[in-house]
Asker: 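One structure coming up, written as structure tokens, with questions to follow.
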Amino acid sequence: IDWFVPSPDGRLVAVSLSKGGSEDGTVHVFDVATGKEVGDPIPGVQYPTAGGSLAWQGDGKGFWYTRYPETGPAEDRHFYQQVYYHKMDAAPADKDRYVFGRQIPNPKIAEILLDAGFARGAPLATIENGDSGRYSLYAPAGGKWVKVAGWDDQIVAGAFGPDRTLYLASRKDAPHGKILKLAPGDFDLRHARTIVPEGDGTNAAVSEEGVLPFAIAGGRLYVKYLVGGPSRVDAYDLDGKHVATLPVPDIASVDELVPAGKDILFSVATYLRPPYFDRYDPATGKAEETRLAEESPIRFDDAEVVRDFATSKDGTKVPVNIVRLKGTKLDKANPVLLYGYGGYGISMTPRFLGAERRMWLDGGGVYAVANIRGGGEYGEAWHRQGALTHKQNVFDDFFA
């Protein structure tokens with residue numbers, strides 16, 4: 001399974017399946033109640049060069065999806081992604097309607113994300129130029145697709161609200177990110193207004209898995225931030241007034257924000273526990289754990305995580321997450337396994353440690369993860385300080 005997308009009513013699920021680890025995906029649609037396949041499979045929707053994406057129509061009667069060219073030079077068959085529309089009760093997939101991709105300045109490696117956001121109707125198309133971190137966005141309007149943002153506009157994510165208002169995550173003059181808002185039907189970026197200004201936390205871009213950095217539920221806008229590695233989630237009204245900070249555990253990461261009626265589900269991952277989902281009730285301001293949780297026979301009840309800071313050669317404070325058995329003294333008597341990565345803006349966020357790290361602690365070891373420069377833990381500036389001619393900062397941080 002490369003990826004799967006359920007229909008809005010949960011009746012059907014579209015699944016990209018590939019053979020032999022090829023990631024050369026074909027979409028199959030299954031009836032959830034019976035498990036039987038519905039209609040014909042659609043080949044060429046997914047490949048490792050740029051992945052693949054799919055977004056359902058609001059009534060579940062069709063979906064938009066990415067497809068690689070079936071004609072042209074052989075060397076281009078897994079490049080130049082395009083978008084098609086498939087109607088569930090229509091002709092075979094080879095008769096599906098072409099939507100866009102040829103008429104826009106699509107790069108060779110165009111990583112297209114299709115997402116209907118939090119509204120019904122045609123999706124927003126977010127296109128990344130390879131892994132460059134540069135995006136262009138296109139929206140459906142009057143039977144055609146219009147450009148909302150170009151490569152240099154520094155819009156890194158977007159989604160429609162319930163009334164087709166368009167919300168955008170921008171890094172224009174805001175390395176930590178800010179949230180913009182466009183009125184329904186208005187796709188002129190010059191008309192966008194800032195509703196959530198840049199703050200101390202970093203508002204991330206859309207993830208490689210297509211997870212957005214914000215969600216809308218019950219008339220609230222929930223925005224997730226990175227704060228040096230761990231996550232924070234703030235709630236705003238739809239005009240950007242801050243109304244709450246969600247009770248996320250200390251030294252934890254939040255990847256997904258999922259609307260559930262007026263509530264919001266959010267994923268929680270820590271070093272000491274497998275991922276699970278909490279459900280936040282805005283009426284009470286409390287979060288309760290759901291049954292959506294991974295389980296493991298490996299437990300860390302006798303361990304703890306301490307977050308400290310090391311000082312790099314240039315005086316920069318570098319976060320270090322230290323995992324140890326409770327009561328362990330940090331007096332240099334214990335062997336330390338130190339991990340860090342600084343590059344491409346990739347952030348080292350809390351993740352369950354598993355069996356190998358459990359054995360390391362049992363053997364008297366201490367495990368540490370450093371949030372060194374080159375990652376995105378403190379935004380784009382933190383990334384740039386560890387890139388190109390500043391790469392030496394990465395190693396200075398790591399051995400601080």
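Positions are given from 1 along the sequence.
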Asker: Within the distance-only criterion (no hydrogens, no angle test), does the side chain of Lys326 pair as donor or acceptor with the backbone N or O of Asp301 below 3.5 angstrom?
Answerer: yes
Asker: I want to check something: taking the side chain as every heavy atom from C-beta on, are Leu189 and Leu168 in contact at a cut-off of under 4.5 Å?
Answerer: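 In contact.
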Asker: With side chains defined as the heavy atoms from C-beta onward, is the minimum distance between Val45 and Tyr84 less than 4.5 Å?
Answerer: no
Asker: Is it the case that one hydrophobic cluster holds both Leu265 and Leu221, taking links as side-chain heavy atoms less than 4.5 Å apart, direct or via other members?
Answerer: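 As far as the 4.5 Å side-chain criterion goes, Leu221 and Leu265 are not connected within one cluster.
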Asker: Is the Trp145 to Phe100 ring centre distance short of 6.0 Å?
Answerer: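 Aromatic pair counts; centres sit under 6.0 Å.
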Asker: Can you tell if the side chain of Ile195 reaches within under 4.5 Å of the side chain of Tyr167, non-hydrogen atoms only?
Answerer: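 Of all side-chain heavy-atom pairs linking Tyr167 with Ile195, at least one is under 4.5 Å.
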Asker: Write down the atom of Tyr85, the atom of Gly62, and the distance for their closest heavy-atom approach.
Answerer: OH-CA, 3.6 Å
Asker: Can a donor-acceptor pair be found, under 3.5 Å and without considering hydrogens, that links the side chain of Trp360 to the backbone of Val366?
Answerer: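 Yes: the side chain of Trp360 pairs with the backbone of Val366.
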Asker: Is there a side-chain contact between Ile216 and Pro162 (heavy atoms, below 4.5 Å)?
Answerer: yes
Asker: Looking at every non-hydrogen atom in both residues, tell me the closest pair between Met348 and Glu377 and how far apart they are.
Answerer: N-OE2, 2.8 Å
Asker: Apply the side-chain hydrogen bond (donor to acceptor under 3.5 Å, both in side chains) test between Asn321 and each candidate in Thr349, Asn371, Asp308; give the one that qualifies.
Answerer: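 Among Thr349, Asn371, Asp308, the one that satisfies the side-chain hydrogen bond (donor to acceptor under 3.5 Å, both in side chains) with Asn321 is Asn371.
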Asker: One thing to verify: whether Asp331 and Lys329 come together as a salt bridge, which I'm taking to mean a side-chain N less than 4.0 angstrom from a carboxylate O.
Answerer: no
Asker: Are Leu113 and Tyr135 close enough, and set up right, to give a side chain to side chain contact (heavy atoms under 4.5 Å, CB included), and what steps lead you there?
Answerer: CA-CA 10 Å; Leu113 170 69; Tyr135 301 84; over 6 Å; no
Asker: Could you tell me how the ring of His86 sits relative to the ring of Tyr65: parallel (under 30°), tilted (30 to 60°) or perpendicular (over 60°)?
Answerer: perpendicular
Asker: With hydrophobic residues grouped by side-chain heavy-atom distances under 4.5 Å, do Val211 and Val268 end up in a single group?
Answerer: no
Asker: When clusters are formed by joining ILVMFWY residues with side-chain heavy atoms under 4.5 Å apart, either directly or through shared neighbours, do Met359 and Leu338 land in the same one?
Answerer: no
Asker: Should Val248 and Phe214 be regarded as members of a common hydrophobic cluster, given that ILVMFWY residues are connected when their side-chain heavy atoms come within less than 4.5 Å of each other, either directly or indirectly?
Answerer: no
Asker: Report yes or no: does Ser53 contribute a side-chain atom to a donor-acceptor pair with the main-chain N or O of Leu114 at less than 3.5 Å?
Answerer: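 Checked: pair present.
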Asker: Return each pair, listed once, that meets salt bridge (Lys or Arg N to Asp or Glu O under 4.0 Å) where at least one residue sits in residues 256-285; pairs must be two or more places apart or across chains.
Answerer: Asp263-Arg279, Arg273-Glu289
Asker: Is a side-chain donor or acceptor of Thr202 paired with a backbone partner of Tyr225 at a separation under 3.5 angstrom?
Answerer: no
Asker: Please report the interatomic distance OH(Tyr80) to CD1(Ile112), rounded to the nearest 0.5 Å.
Answerer: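 The OH atom of Tyr80 sits 13.0 Å away from the CD1 atom of Ile112.
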Asker: Below 4.5 Å, heavy atoms only, C-beta onward: do Tyr339 and Tyr367 meet side chain to side chain?
Answerer: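 Contact flag for Tyr339/Tyr367 side chains = yes.
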Asker: Do Gln81 and Tyr68 have a side chain donor and acceptor closer than 3.5 Å?
Answerer: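 There is such a pair (donor and acceptor under 3.5 Å, judged by atom type) between the side chains of Gln81 and Tyr68.
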Asker: Quick one: CG on Asp234 to CZ on Arg220, what's the gap to the nearest 0.5 Å?
Answerer: 11.5 Å
Asker: For Asp250, does the CG atom have more than 12 heavy-atom neighbours from other residues, nucleotides or ligands under 6.0 Å away?
Answerer: no
Asker: Are Ile155 and Val148 close enough, and set up right, to give a side chain to side chain contact (heavy atoms under 4.5 Å, CB included), and what steps lead you there?
Answerer: CA-CA 9 Å; Ile155 301 297; Val148 179; over 6 Å; no
Asker: Taking the side chain from Asp31 and the backbone from Thr34, do they hold a donor-acceptor pair closer than 3.5 Å?
Answerer: yes
Asker: Does a side chain donor of either Asp2 or Ser18 reach within less than 3.5 Å of an acceptor in the other side chain?
Answerer: yes
Asker: Would you check if the side chain of Ser253 reaches a backbone N or O of Pro350 as a donor-acceptor pair within less than 3.5 Å?
Answerer: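 Between the backbone of Pro350 and the side chain of Ser253 there is a qualifying donor-acceptor contact (under 3.5 Å).
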Asker: Report the C-alpha separation of Asp115 and Thr126 in whole Å, then their side-chain angles, then the decisive distance to 0.1 Å, and conclude whether the side chain to side chain contact (heavy atoms under 4.5 Å, CB included) test is met.
Answerer: CA-CA 8 Å; Asp115 195 315; Thr126 301; over 6 Å; no
Asker: How about Leu12 and Trp56: do any of their side-chain heavy atoms sit closer than 4.5 Å?
Answerer: yes
Asker: Taking everything shown except Arg351 itself, do over 12 heavy atoms lie less than 6.0 Å from its CZ?
Answerer: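 For Arg351, atom CZ is crowded (more than 12 foreign heavy atoms under 6.0 Å).
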Asker: Taking all atoms of both residues into account, what is the closest heavy-atom pair of Ala252 and Thr270, and its distance?
Answerer: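 For Ala252 and Thr270, the tightest heavy-atom pair comes out as CB-CG2, 3.8 Å.
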Asker: When you look at NZ of Lys147, are more than 12 heavy atoms from neighbouring residues, nucleotides or ligands closer to it than 6.0 Å?
Answerer: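 No, NZ of Lys147 has 12 or fewer neighbouring heavy atoms, counting only those of other groups under 6.0 Å.
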Asker: Looking at side-chain heavy atoms only, is the closest gap between Glu23 and Gln46 below 4.5 Å?
Answerer: yes
Asker: Determine the minimum heavy-atom distance between Ala215 and Ile264, stating which atoms define it.
Answerer: CB-CD1, 4.0 Å
Asker: For the backbone of Leu238 and the side chain of Lys181, can you confirm whether one donor and one acceptor N or O come within less than 3.5 Å of each other?
Answerer: yes
Asker: Aromatic ring centroids of Tyr271 and Phe300 under 6.0 Å?
Answerer: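 No: the rings miss the under 6.0 Å criterion.
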Asker: Do any pairs count as a salt bridge (Lys or Arg N to Asp or Glu O under 4.0 Å) and have a residue in residues 50-69, sequence neighbours left out, and if so which ones?
Answerer: Arg67-Glu70
Asker: Sequence neighbours excluded, which residues qualify as salt bridge (Lys or Arg N to Asp or Glu O under 4.0 Å) partners of Glu304?
Answerer: Arg324
Asker: Calculate, to the nearest 0.5 Å, the distance between atoms CZ and OG1 belonging to Phe160 and Thr165 respectively.
Answerer: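 Between Phe160 CZ and Thr165 OG1, I get 10.0 Å after rounding to 0.5 Å.
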Asker: Treating His176 as the side-chain partner and Lys178 as the backbone partner, does any N or O pair qualify as donor plus acceptor under 3.5 Å?
Answerer: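 No; zero donor-acceptor contacts below 3.5 Å.
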Asker: First locate atom CG of Leu361, then atom OG1 of Thr328, and finally report the distance between them rounded to the nearest 0.5 Å.
Answerer: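 Separation between the atoms: 8.0 Å.
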Asker: Any ion pair linking Asp200 and Arg232 (charged N to carboxylate O, less than 4.0 Å)?
Answerer: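 Yes, Arg232 and Asp200 are salt-bridged.
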Asker: Check this for me: does any side-chain nitrogen of one of Asp239 and Lys241 sit under 4.0 Å from a carboxylate oxygen of the other?
Answerer: no
Asker: Are the charged groups of Asp152 and Arg134 less than 4.0 angstrom apart, N to O?
Answerer: yes
Asker: Can you tell me how far CG of Leu353 sits from OG of Ser296, rounded to the nearest 0.5 angstrom?
Answerer: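 If I round to the nearest 0.5 Å, the distance is 10.5 Å.
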Asker: Less than 4.5 Å apart, side chain to side chain, heavy atoms only: is that true for Pro107 and Trp151?
Answerer: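 Yes, at least one pair of side-chain atoms sits under 4.5 Å.
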Asker: With a 3.5 Å distance limit and no angle check, can you tell me whether Asp397 reaches the backbone of Arg373 through a side-chain donor-acceptor pair?
Answerer: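 Side chain of Asp397 to backbone of Arg373, a donor-acceptor pair under 3.5 Å: yes, one is there.
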Asker: Are more than 12 heavy atoms, taken from residues, nucleotides or ligands other than Glu295, located less than 6.0 Å from that residue's CD atom?
Answerer: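 Counting other residues, nucleotides and ligands, CD of Glu295 stays at 12 neighbours or fewer.
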Asker: Taking the six-membered ring of Phe309, is NZ or CZ of Lys317 closer than 6.0 Å to its centre and within 45° of its axis?
Answerer: no
Asker: Can you classify the ring geometry of Tyr280 versus Tyr222 as parallel (below 30°), tilted (30 to 60°) or perpendicular (above 60°)?
Answerer: perpendicular
Asker: Mind listing the closest non-hydrogen atom pair of Phe30 and Gly35 along with its distance?
Answerer: CD2-O, 3.7 Å
Asker: Do you know which two heavy atoms are closest between Gly342 and Lys391, and how far apart they sit?
Answerer: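 Closest approach of Gly342 to Lys391, heavy atoms only: O-NZ, 2.7 Å.
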Asker: Quick check on the hydrophobic clustering: are Phe352 and Ile251 connected, directly or via other members, by side-chain heavy-atom contacts under 4.5 Å?
Answerer: yes
Asker: Between the side chain of Ser347 and the main-chain N/O of Gly376, is any donor-acceptor distance below 3.5 Å?
Answerer: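 Yes, because the side chain of Ser347 sits within donor-acceptor range (under 3.5 Å) of the backbone of Gly376.
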Asker: Could you walk me through whether Val318 and Phe398 pass the side chain to side chain contact (heavy atoms under 4.5 Å, CB included) check?
Answerer: CA-CA 9 Å; Val318 180; Phe398 193 66; over 6 Å; no
